[in-house]
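This report concerns only the one structure given below.
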Amino acid sequence: VPDARPPVPPAPDGLLAALRAVVGEANVVVDADVTAGYERDWTGRFVGRTPAVVRPGSTDEVAAVLAACTAAGVRVVPQGGNTGLVGGSVPLAGEVVLSTRRLDDVGPVDELAAQVTVGAGATLARVRAATLPAGLDVGVDLAARDSATIGGMVATNAGGLRALRHGPMRHQVVGIEAALADGRVVSHLRGLLKDNTGYDLPGLLCGSEGTLAVVTRVRLRLVPVLAHRATALLAVASWADAMALVAGLRRVLPGLEVVEAVDRIGVDLVADAFGIRVPFTPTPAVAVLVECADVRDPLDDLAAALADRAEVVDAAIADDPQRRAGLWAVRERCTDAVATLGVPTKLDVTLPAAELAAFAVDVHAVVAAVAPGARVVVFGHVGDGNLHVNVVVRPGAGSGAPPGPDPGADVHERVTVAVFAEVARRGGSISAEHGIGTAKRGHLHLVRSAEEVAVFRAIRAALDPAGTLNPNVLTPPA
Ligand SMILES: Cc1cc2nc3c(=O)[nH]c(=O)nc-3n(C[C@H](O)[C@H](O)[C@H](O)COP(=O)(O)OP(=O)(O)OC[C@H]3O[C@@H](n4cnc5c(N)ncnc54)[C@H](O)[C@@H]3O)c2cc1C
């Protein structure tokens, strides 16, 4: 197969030697077979080339690498676990890749403060392995936990499975250390809960997608491990009822951790594709999955709260792992079930609570206007207002028939523009969790004013005047 990637750009004279002097010969990787793994993103949609992958092992080395690249006029893409989904972690225009994976130290768990300081390259799984024995956990969890790094999760402000209860990554970070593009280091790792001494650097770097600084160490607040769980799958008659249910349960269930929803098309698809038993006949307009977690069994509290809710047409409830897994399957298999139909346009959006129900209904007409005959499946983290809109423009026949063909980039873009415009019209966000990256920078104007984008650019210019860091992401080209 011919190599369709752009040619490897040459590094300026002397740069590789300077980098080797900082991190050692073995940590400046130029072998194309090895760099290939850093040049392609997780989705396979974004592929670039790099003259070198540099793997610093300390904050000082990160700072020196950045100073050398800035002095040489070479741009740098920071990369953690490379699990990002918007193309922000790969060198699309010949940048040097700065891999943080060697910065993987995990400090002792501070049980008095319920905090821990970790290297930016430590994976979420590695950090949790250190904290769980102390009865403490990281407040954010996501399926990419074995590869996603804490630095990458900060840089993307990752949301994940427990955002309803603990908030996204921004709510977990109580201290940060980072290297600026010119080699200076800012470090504020004391982790004081109350510390009103100026601008909030953790808040600024959360969601900055590698454009302002390279995060080197992070102080995280930790949450208690809640070993007891109760789960319910509920049939409701409409998205409006689903939203009323969320609001009602939130008021009476302090242990509420998860509220997910799947529309009728999604529920039928999961049942059809994988033979998963759905405990309701007929299939409801929306199936809502609710889970509570606590230090004691929350089953009775959950059952009592549900008994009071008129929106619940039918319910299945469980607290044993096997039956809970059966209920979860209806939600967890949605992504795979959509893939059996064809190649979806996948959109991860947030709606204001007051708009979500109407959007979930109207999005079908919005898509039909630009892609007649498309299948639209809506599911997501409804407790956070976060919906995944999946559009299969050329679906197969289902029931084991082959999936339909990829409709092509133009069609995906047409659907994306239509749905994003509807999201923006209703005051929502075009990126719930994954960031803007390269994939969505052309759509940023839909949800951020010209004044806001100008402020973004000014902040970038203040921290990185030479424009070294991650030039292809977040702000649209000037
Ligand atoms: C199976 C799967 C499930 C997922 N589930 C979720 C989910 O539930 N919720 C969610 O929010 N995301 C999810 N993601 C997306 C992804 O895991 C997150 O965006 C994660 O935070 C990325 O971490 P990473 O270390 O892989 O970062 P990378 O992909 O390496 O980088 C992501 C961005 O952060 C920058 N960056 C990385 N490290 C640093 C650093 N130290 N300093 C500065 N910038 C840096 C990069 O330049 C890039 O712009 C999922 C991904 C997969 C593959």
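First listed ligand is number 1; within each ligand, the first listed atom is number 1. All values derive from a computational prediction rather than experimental measurement. Every heavy atom of this structure was used, including side-chain atoms; hydrogens, water molecules and symmetry mates were not.
- Electrostatic pairing of Arg217 and Asp105 does not count as a salt bridge here, judged by no charged N lying under 4.0 Å from a carboxylate O.
- Distance alone, capped at 3.5 Å, places no donor-acceptor pair between the Arg324 side chain and the Ala318 backbone.
- Counting only heavy atoms of the protein, atom 1 (C) of ligand 1 lies nearest to Trp42 CZ2, 4.1 Å.
- A cation-pi arrangement is absent between Arg426 and Phe359, since the terminal nitrogen or guanidinium carbon is not both under 6.0 Å from the aromatic centre and inside a 45° cone about the axis.
- Enclosure of atom CZ in Arg375 is not indicated, since only 12 or fewer non-hydrogen atoms of other residues, nucleotides or ligands lie within 6.0 angstrom.
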Step-by-step salt bridge (Lys or Arg N to Asp or Glu O under 4.0 Å) determination, Glu257 to Arg229: CA-CA 9 Å; Glu257 191 152 305; Arg229 286 173 184 271; 3.0 Å; yes
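- For atom 35 (C) of ligand 1, the closest non-hydrogen atom on the protein side is Ala155 CB, 3.6 Å.
- Listed by number with element, the atoms of ligand 1 under 4.0 Å from a non-hydrogen atom of Gln79 are 30 (O).
- Nearest to atom 29 (O) of ligand 1 among the protein's heavy atoms is Gly84 N, 2.7 Å.
- Looking at atom 28 (P) of ligand 1, its nearest protein heavy atom turns out to be Asn82 N, 3.6 Å.
- Each of Asn472, Thr50, Asn470 was checked for a side-chain hydrogen bond (donor to acceptor under 3.5 Å, both in side chains) with Glu95, and the lone residue meeting it is Asn472.
- Salt bridge annotation for Asp137-Arg162: present, with a cationic side-chain nitrogen under 4.0 angstrom from a carboxylate oxygen.
- Near Ala213, meaning under 4.0 Å from any of its heavy atoms, are these atoms of ligand 1: 43 (C).
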Check against side chain to side chain contact (heavy atoms under 4.5 Å, CB included), Asn82 and Val90: CA-CA 8 Å; Asn82 200 15; Val90 286; 4.0 Å; yes
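- At distances below 3.5 Å, at least one donor-acceptor pair connects side-chain atoms of His445 with backbone N or O atoms of Gly442.
- Salt bridge absent: Arg55 and Glu61 never bring a charged side-chain N and a carboxylate O closer than 4.0 Å.
- Atom CG in Leu233 sits 10.5 Å away from atom CH2 in Trp328 (nearest 0.5 Å).
- Asp348 places a side-chain N or O within donor-acceptor distance of the main-chain N or O of Glu433, the cut-off being under 3.5 Å.
- Within the model, atoms CG of Asp464 and CG of Leu66 stand 9.0 Å from one another, a figure rounded to the nearest 0.5 Å.
- Note: no N/O pair closer than 3.5 Å links Asp141 and ligand 1 by distance alone.
- Polar contact with ligand 1: absent for Val77 (N/O pair, distance under 3.5 Å).
- Against a heavy-atom cut-off of under 4.0 Å, Met153 is close to the following atoms of ligand 1: 21 (O), 23 (O).
- At under 3.5 Å, not a single nitrogen or oxygen of Val214, backbone or side chain, sits near a nitrogen or oxygen of ligand 1.
- Nearest non-hydrogen protein atom to atom 31 (O) of ligand 1 is Ser89 CB, 3.5 Å.
- For the pair Ala143 and ligand 1, the shortest N or O to N or O distance does not fall below 3.5 Å.
- On a distance-only criterion, Ala148 and ligand 1 share no N/O pair closer than 3.5 Å.
- For atom 47 (O) of ligand 1, the nearest protein heavy atom (residue, atom name, distance) is Pro78 O, 2.6 Å.
- Checked by distance only, ligand 1 and Leu161 stay at 3.5 Å or farther apart across all their nitrogen or oxygen atoms.
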Working for side chain to side chain contact (heavy atoms under 4.5 Å, CB included), residues Val382 and Val246: CA-CA 8 Å; Val382 73; Val246 173; 4.1 Å; yes
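- Listed by number with element, the atoms of ligand 1 under 4.0 angstrom from any heavy atom of Thr100 are 41 (N).
- Taking any N or O of Glu209, backbone or side chain, at least one lies under 3.5 Å from an N or O belonging to ligand 1.
- The distance from ligand 1 to the heavy atoms of Val215 drops below 4.0 Å at these ligand atoms: 40 (C), 41 (N), 42 (N), 43 (C).
- Between Arg128 and Asp141 there is a salt bridge, since at least one side-chain N of the basic residue sits less than 4.0 Å from a carboxylate O of the acidic one.
- Polar contact check, Leu85 against ligand 1: no nitrogen or oxygen pair lies under 3.5 Å apart.
- Counting heavy atoms only, Thr156 comes closest to atom 19 (O) of ligand 1 of the residues Val86, Thr156, Thr149.
- In terms of protein heavy atoms, atom 9 (N) of ligand 1 is closest to Glu433 OE1, 3.1 Å.
- Distances below 4.0 Å separate heavy atoms of Asn470 from the following atoms of ligand 1: 47 (O), 49 (O).
- Below 4.0 Å from some heavy atom of Ala144 lie the following atoms of ligand 1, by number and element: 2 (C), 3 (C), 17 (O), 51 (C), 52 (C).
- Protein heavy atom closest to atom 12 (N) of ligand 1, with residue, atom name and distance, is His434 CD2, 3.5 Å.
- Listed by atom number, the atoms of ligand 1 under 4.0 Å from Ala158 heavy atoms are 11 (O), 21 (O).
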